[in-house]
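Before any comments, here is the structure.
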Amino acid sequence: MKIKSKQYHTIWLKENDPQIVQVIDQRKLPFSFEIMDLKSVSDVFFAIREMVVRGAPLIGITAAYGMYLALFETEKKNFENNVKEKAKLLKSARPTAVNLAFAVDEILGFILKEKNSSQIIKKTLEKVHFLKTQEILFSEKIGEFGLELIQKIFNKKGTPVNILTHCNAGWLACIDWGTATAPIYKAHLKGIPVHVWVDETRPRNQGARLTAFELSEEGVPHTVIADNTGGHLMQHGKVDLVIVGSDRTTIGGDVANKIGTYLKALAANDNNVPFYVALPSSTIDWNIEDGLTEIPIEERGAEEVAEIEGVSKSKIKTVRLIPQKSNVANYGFDVTPARLVSGLITERGICKANKQSIKSLFPEKQ
């Protein structure tokens with residue numbers, strides 16, 4: 001996808017320097033466009049933890065690059081123990097997104113298998129690039145399958161399709177295309193008129209800042225709304241379809257996503273609005289079924305709720321919103337039960353949010 005008409009991925013290896021990974025600093029968007037250099041495992045941990053990068057697929061690939069960088073700072077003495085410690089550190093950066101553990105374990109296993117190879121660095125980088133390319137292909141396939149839903153709605157109503165999304169499940173959360181936004185971009189490129197209701201997504205405003213930024217750069221019509229507006233719009237027939245992303249989906253179809261997603265699902269269910277979740281298979285946790293009891297929910301710092309960031313006279317500033325003596329609870333995610341999900345849009349097609357339907361698309365996971 002594009003920024004100022006130039007195509008970007010969210011992460012790449014610096015040209016002419018294979019020991020530096022570069023990422024878009026998403027903390028600065030949309031007010032400024034800055035690239036951050038990641039030179040060590042500690043840099044990667046910081047980037048994931050502090051949300052320089054965010055979104056389950058991108059977190060996973062960033063962590064994979066972190067394991068690659070680990071090879072430059074791990075001594076041959078006690079190599080296996082040291083690289084396992086670095087893997088453990090990376091996996092602790094954020095607990096909810098399953099892509100993080102998946103990518104780290106995938107690269108760790110590869111490194112341990114190749115640990116005596118003279119080309120371990122080269123081979124590991126090739127493995128990381130394979131995972132990156134795979135995520136891009138997953139997103140594009142999700143877009144193609146989700147496009148069918150939008151096409152059907154347009155064929156029926158003949159007017160712009162109104163889609164509501166929550167948080168940022170766009171290309172900035174992935175590598176390219178995105179998950180929830182991929183069908184929207186595919187529809188827009190095909191000439192199907194769409195309009196996107198963009199939840200602001202407090203407390204970090206990833207919808208207002210990132211999703212709106214993406215859609216603006218691609219020329220997709222959209223409107224930013226307060227988080228609590230979605231139900232009102234659905235009651236008045238102004239939402240045809242809800243598409244959100246996922247940070248972890250259980251084999252039973254429960255979906256963990258940015259806090260507030262559950263409330264959108266409830267409103268959609270009450271108003272007979274289709275509620276779909278777009279996700280690659282790397283976001284499915286094949287080991288758990290009950291999302292409410294088994295998915296760890298990240299609790300983040302109070303400052304994200306107590307303060308808000310914006311731009312004033314070309315400078316990014318932070319202001320306090322609440323009284324100094326007030327306590328804050330900042331849960332990063334909630335779980336939407338499978339019964340509220342109309343379907344899961346994956347790289348292999350659309351399935352129902354239940355174990356039987358999910359496994360029918362991924363029989364190798366039986």
Side-chain angles (χ1 to χ4, degrees), residues 1-3 5-15 18 21-24 26 29 35-36 38 44 47-48 52-68 97-107 110 123-148 165 167-190 206 210-211 213-215 217-218 220 243-249 277-284 344-350 361-362:
M1 311 308 291
K2 296 177 181 177
I3 296 176
S5 300
K6 181 180 178 181
Q7 189 165 2
Y8 282 92
H9 286 165
T10 49
I11 187 168
W12 62 93
L13 207 59
K14 186 174 183 178
E15 190 176 0
V21 176
Q22 294 188 301
V23 296
I24 299 170
Q26 298 189 30
L29 293 174
I35 304 299
M36 176 179 283
L38 308 180
V44 172
I48 295 172
V52 174
V53 297
R54 21 83 45 227
L58 176 57
I59 286 173
I61 297 305
T62 304
Y65 273 108
M67 292 300 295
Y68 160 73
V98 73
N99 302 61
L100 175 57
F102 165 80
V104 170
D105 288 342
E106 188 81 2
I107 300 302
F110 183 84
K123 289 182 176 181
T124 300
L125 181 59
E126 289 173 352
K127 177 69 173 179
V128 172
H129 284 165
F130 170 79
L131 293 181
K132 175 182 172 180
T133 300
Q134 181 174 255
E135 284 293 352
I136 295 171
L137 293 174
F138 284 176
S139 288
E140 187 163 13
K141 296 298 279 184
I142 287 168
E144 291 170 1
F145 288 116
L147 169 63
E148 297 174 10
T165 191
C167 197
N168 177 257
W171 76 267
L172 289 169
C174 301
I175 312 298
D176 208 349
W177 291 104
T179 54
T181 59
I184 296 168
Y185 291 136
K186 289 285 186 179
H188 180 67
L189 290 170
K190 191 176 179 180
Q206 291 114 306
L210 301 179
T211 303
F213 173 73
E214 280 191 31
L215 297 173
E217 294 297 308
E218 293 294 327
V220 178
I243 309 178
V244 301
S246 172
D247 285 83
R248 184 184 302 217
T249 294
V277 180
L279 71 159
S281 56
S282 55
T283 303
I284 299 173
L344 305 175
I345 311 171
T346 78
E347 74 272 13
R348 292 192 187 173
I350 300 175
L361 285 186
F362 301 93

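Values below: all heavy atoms of this structure, side chains included; hydrogens, waters and symmetry mates excluded. Here the structure is a predicted model, which means the values were calculated and not measured.
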Could you tell me the separation between the [atom1] atom of [X] and the [atom2] atom of [Y], rounded to the nearest 0.5 Å?
X      : Y      : atom1 : atom2 : value
Ile107 : Phe130 : CD1   : CZ    : 10.0 Å
Met67  : Thr62  : CE    : OG1   : 14.0 Å
Ile61  : Thr10  : CD1   : OG1   : 9.0 Å
His9   : Thr133 : NE2   : OG1   : 8.0 Å
Ile142 : Ile350 : CD1   : CD1   : 10.5 Å
Ile11  : Ile35  : CD1   : CD1   : 11.0 Å

Looking only at non-hydrogen atoms, find the nearest pair between [X] and [Y] and report the distance.
X      : Y      : value
Leu131 : Ala64  : CD1-CB, 4.5 Å
Glu218 : Tyr185 : CG-CE2, 3.6 Å
Ala180 : Ala278 : N-CB, 3.7 Å
Leu38  : Ala47  : CD2-CB, 4.0 Å

Is there a side-chain contact between [X] and [Y] in this structure, where contact means two heavy atoms from C-beta onward sitting under 4.5 Å apart?
X      : Y      : result
Ile284 : Val98  : no
Leu361 : Thr346 : yes
Thr179 : Leu279 : no
Val277 : Ile345 : no
Glu135 : Ser282 : yes
Val21  : Val44  : no
Pro183 : Trp177 : no
Ser139 : Trp171 : no

| message | Set out, in order, the CA-CA distance, both residues' side-chain angles and the distance that settles side chain to side chain contact (heavy atoms under 4.5 Å, CB included) for Met36 and Val53, then state yes or no. | response | CA-CA 10 Å; Met36 176 179 283; Val53 297; over 6 Å; no
Could you check whether any side-chain N or O of [X] sits under 3.5 Å from a backbone N or O of [Y], counting only pairs where one atom can act as donor and the other as acceptor?
X      : Y      : value
Gln206 : Thr211 : no
Asp176 : Met1   : yes
Thr181 : Ile184 : no
Glu347 : Ser281 : yes

| task | Taking only Lys NZ, Arg NE, NH1 and NH2, and the carboxylate oxygens of Asp or Glu, determine whether Glu144 and Lys141 approach each other closer than 4.0 Å. | result |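 A salt bridge is present here (some side-chain N lies under 4.0 Å from a carboxylate O).
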Non-neighbouring partners of [X] that pass side chain to side chain donor-acceptor pair (under 3.5 Å), sequence neighbours left out:
X      : value
Thr165 : none
Gln22  : Trp12, Asp37
Thr283 : Asn99
Glu140 : Lys186

| Distance-only donor-acceptor check, side chains Tyr65 and His129, under 3.5 Å |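 Yes, because at least one side-chain N or O of Tyr65 sits under 3.5 Å from a partner of the opposite role on His129.
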| request: Ignoring hydrogens and angles, state whether a donor on the side chain of Asn168 or Glu214 is under 3.5 Å from an acceptor on the partner side chain. | output: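 Present: a donor and an acceptor within the cut-off.
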| task | Could you tell me which residues satisfy side chain to side chain contact (heavy atoms under 4.5 Å, CB included) with Phe213, sequence neighbours excluded, listed by chain and number? | result |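 Expected list: Ile3, Leu29, Pro30, Leu172, Glu217.
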| By side chain to side chain contact (heavy atoms under 4.5 Å, CB included), which residues pair with Ala187, not counting sequence neighbours? |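 Partners of Ala187 under the side chain to side chain contact (heavy atoms under 4.5 Å, CB included) test: Leu147, Ile150, Ile192, Val194.
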